[in-house]
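Here the structure comes first, spelled out in structure tokens, and everything after it is commentary.
This chain uses plain numbering: 1 for the first residue, then up along the sequence.
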Amino acid sequence: FNLRKGEILGIAGLVGAKRTDIVEAIFGVRELKSGTIKLNGKTVKNHTALEAINNGFALVTEERRSTGIYSNLSIEFNSLISNMKSYLTPWKLLSNKKMSSDTQWVIDSMNVKTPSHKTTIGSLSGGNQQKVIIGRWLLTQPEILMLDEPTRGIDIGAKFEIYQLIQELAKKDKGIIMISSEMPELLGVTDRILVMSNGKVAGIVETAKTSQEEILQLAAKYL
């Protein structure tokens with residue numbers, strides 16, 4: 001499948017459709033059996049997550065608490081962990097000033113409600129935790145941002161903020177892939193929807209021209 005610059009591509013499918021497998025394979029945490037990944041026409045090899053980050057990819061994982069956050073560590077640590085190489089000084093020390101500045105950027109730009117940088121992320125609401133994670137990845141300046149169930153388990157206010165953020169990123173020519181089990185979310189936010197069925201691409205539809213019924217029919221295509 002293709003992802004266009006500035007596009008929000010949704011991925012739909014039933015449980016077991018292997019939606020998560022796609023983004024994990026692209027991000028280098030699941031082995032690719034075949035196929036190639038191209039970014040701006042050039043083949044890239046994401047054998048590991050670190051290679052994927054260096055190649056301009058970012059992944060907000062589905063299970064926020066188990067694979068997204070270090071719950072007992074600070075907002076600062078959770079904001080900066082994917083971008084640590086940028087804080088090294090010529091003497092191979094970490095720049096506290098730049099780290100503090102970037103943490104404040106995450107808090108301000110993502111509208112994270114927290115008393116301080118040093119607050120443990122586990123004490124925040126689910127929505128604020130998710131905003132920190134998204135901010136973390138934006139610090140790496142990715143070309144492709146992949147979000148796996150980005151609004152699961154968060155309140156309606158935080159959902160709306162994340163929708164706005166996704167749309168703003170698309171306006172800045174970022175490529176967005178968003179997996180969601182919520183049909184209204186896919187129909188309301190995306191430009192196109194790729195439908196998975198039993199590990200296969202059952203179809204790709206224009207969001208403005210499709211319906212919930214068509215998506216469900218495609219989702220059952222290879223069952």
Side-chain angles (χ1 to χ4, degrees), residues 1-27 29-30 52 57-69 110-111 125-138 142-172 174-223:
F1 66 93
N2 295 320
L3 173 67
R4 302 162 185 159
K5 187 174 287 191
E7 178 182 42
I8 304 170
L9 177 68
I11 300 184
L14 305 175
V15 174
K18 299 190 182 295
R19 296 169 298 171
T20 295
D21 295 43
I22 287 183
V23 293
E24 288 184 346
I26 292 171
F27 196 63
V29 295
R30 185 179 292 273
F57 294 79
L59 173 61
V60 176
T61 58
E62 178 181 8
E63 299 296 337
R64 180 175 62 250
R65 290 191 174 277
S66 60
T67 59
I69 62 170
M110 299 293 113
N111 194 26
S125 68
N128 282 300
Q129 289 175 7
Q130 192 74 326
K131 287 188 280 186
V132 170
I133 295 170
I134 295 172
R136 169 205 298 168
W137 286 116
L138 294 186
E143 290 297 313
I144 310 295
L145 177 62
M146 300 179 287
L147 305 123
D148 195 350
E149 302 284 4
T151 65
R152 175 178 288 173
I154 64 178
D155 65 73
I156 189 67
K159 279 188 178 186
F160 182 68
E161 287 182 286
I162 289 173
Y163 297 152
Q164 285 186 311
L165 174 64
I166 291 169
Q167 290 170 335
E168 285 300 316
L169 290 170
K171 288 177 184 177
K172 294 176 182 176
K174 303 295 184 185
I176 314 290
I177 297 176
M178 185 177 79
I179 297 172
S180 178
S181 298
E182 297 187 29
M183 198 68 70
E185 185 168 270
L186 288 171
L187 294 172
V189 177
T190 65
D191 298 303
R192 291 188 301 151
I193 300 171
L194 181 156
V195 186
M196 295 288 295
S197 178
N198 198 26
K200 299 182 178 71
V201 176
I204 300 176
V205 295
E206 297 285 339
T207 304
K209 298 177 181 178
T210 192
S211 64
Q212 183 169 325
E213 289 74 19
E214 182 183 21
I215 292 170
L216 289 173
Q217 285 176 353
L218 288 169
K221 185 174 182 179
Y222 297 119
L223 298 182

Residues Ile179, Ile22; criterion side chain to side chain contact (heavy atoms under 4.5 Å, CB included); working and verdict: CA-CA 10 Å; Ile179 297 172; Ile22 287 183; over 6 Å; no
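- Here Lys171 contributes atom NZ and Ile166 contributes atom CD1; the two are 13.0 Å apart, rounded to the nearest 0.5 Å.
- For the salt bridge (Lys or Arg N to Asp or Glu O under 4.0 Å) test, no residue two or more places apart in sequence or in another chain qualifies with Lys174.
- Interatomic distance, CG of Leu145 versus CG of Leu138, reported as 6.5 Å (0.5 Å rounding).
- The shortest non-hydrogen separation linking Ile215 to Leu187 is CD1-CD2, 3.9 Å.
- Applying the side chain to side chain donor-acceptor pair (under 3.5 Å) test to residues at least two apart or on different chains, the pairs with a partner in residues 145-155 are Thr20-Asp148, Glu62-Arg152, Glu149-Arg152, Glu149-Ser181, Thr151-Glu185.
- In this structure, the separation between CG on Leu216 and CG on Leu14 is 7.0 Å, given to the nearest 0.5 Å.
- Shortest non-hydrogen contact noted between Pro142 and Trp137 is CD-O, 3.2 Å.
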Output, in order, the C-alpha distance, side-chain angles, deciding distance and verdict of side chain to side chain contact (heavy atoms under 4.5 Å, CB included) for Leu9 and Met178. CA-CA 6 Å; Leu9 177 68; Met178 185 177 79; over 6 Å; no
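- Scanning for side chain to side chain contact (heavy atoms under 4.5 Å, CB included) contacts around Lys5 gives Asn40, Asp173, with sequence neighbours left out.
- Applying the salt bridge (Lys or Arg N to Asp or Glu O under 4.0 Å) criterion to Glu7, with sequence neighbours excluded, gives Arg4, Arg192.
- Shown here for Ala202 and Leu218, the closest heavy-atom pair between the two residues is CB-O, 3.1 Å.
- Rounding to the nearest 0.5 Å gives a distance of 6.0 Å between CG of Leu223 and CG of Asn198.
- In terms of the side chain to side chain contact (heavy atoms under 4.5 Å, CB included) criterion, residue partners of Thr67 (sequence neighbours excluded) are, by chain and number, Thr61, Glu63.
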Test Ile26 against Ile144 for side chain to side chain contact (heavy atoms under 4.5 Å, CB included), laying out the working first. CA-CA 10 Å; Ile26 292 171; Ile144 310 295; 5.8 Å; no
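- A search for salt bridge (Lys or Arg N to Asp or Glu O under 4.0 Å) contacts involving Arg30 returns Asp21, Glu24, not counting sequence neighbours.
- For Phe57, there are no ring-ring contact (aromatic ring centres under 6.0 Å, His included) partners two or more places apart in sequence or in a different chain.
- Within the structure, the salt bridge (Lys or Arg N to Asp or Glu O under 4.0 Å) test picks out no pair touching residues 209-218 (sequence neighbours left out).
- The two residues Ile193 and Ala12 come nearest to each other via the heavy atoms CG2-CB, 3.9 Å.
- Remark: Gln217 pairs with no residue by the side-chain hydrogen bond (donor to acceptor under 3.5 Å, both in side chains) rule, at least two apart or across chains.
- Qualifying side-chain hydrogen bond (donor to acceptor under 3.5 Å, both in side chains) partners for Asn111, counting only residues two or more places apart in sequence or in other chains: Glu161.
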Let me see the working for Ile69 and Ile133 under side chain to side chain contact (heavy atoms under 4.5 Å, CB included), right down to the final yes or no. CA-CA 7 Å; Ile69 62 170; Ile133 295 170; 3.5 Å; yes
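- Residues forming a side-chain hydrogen bond (donor to acceptor under 3.5 Å, both in side chains) with Ser197 (at least two apart in sequence, or on another chain): none.
- Shown are Ile134, Asn128, Val132; of these, the side-chain contact (heavy atoms from CB on, under 4.5 Å) with Met110 is made only by Ile134.
- Atom CG of Leu186 sits about 11.0 Å away from atom CD1 of Ile8, to the nearest 0.5 Å.
- Residues Met196 and Val201 share a closest heavy-atom pair of SD-CG2, 4.1 Å.
- By the side-chain hydrogen bond (donor to acceptor under 3.5 Å, both in side chains) test, Gln130 is found to be paired with no residue, residues two or more places apart in sequence or in another chain being considered.
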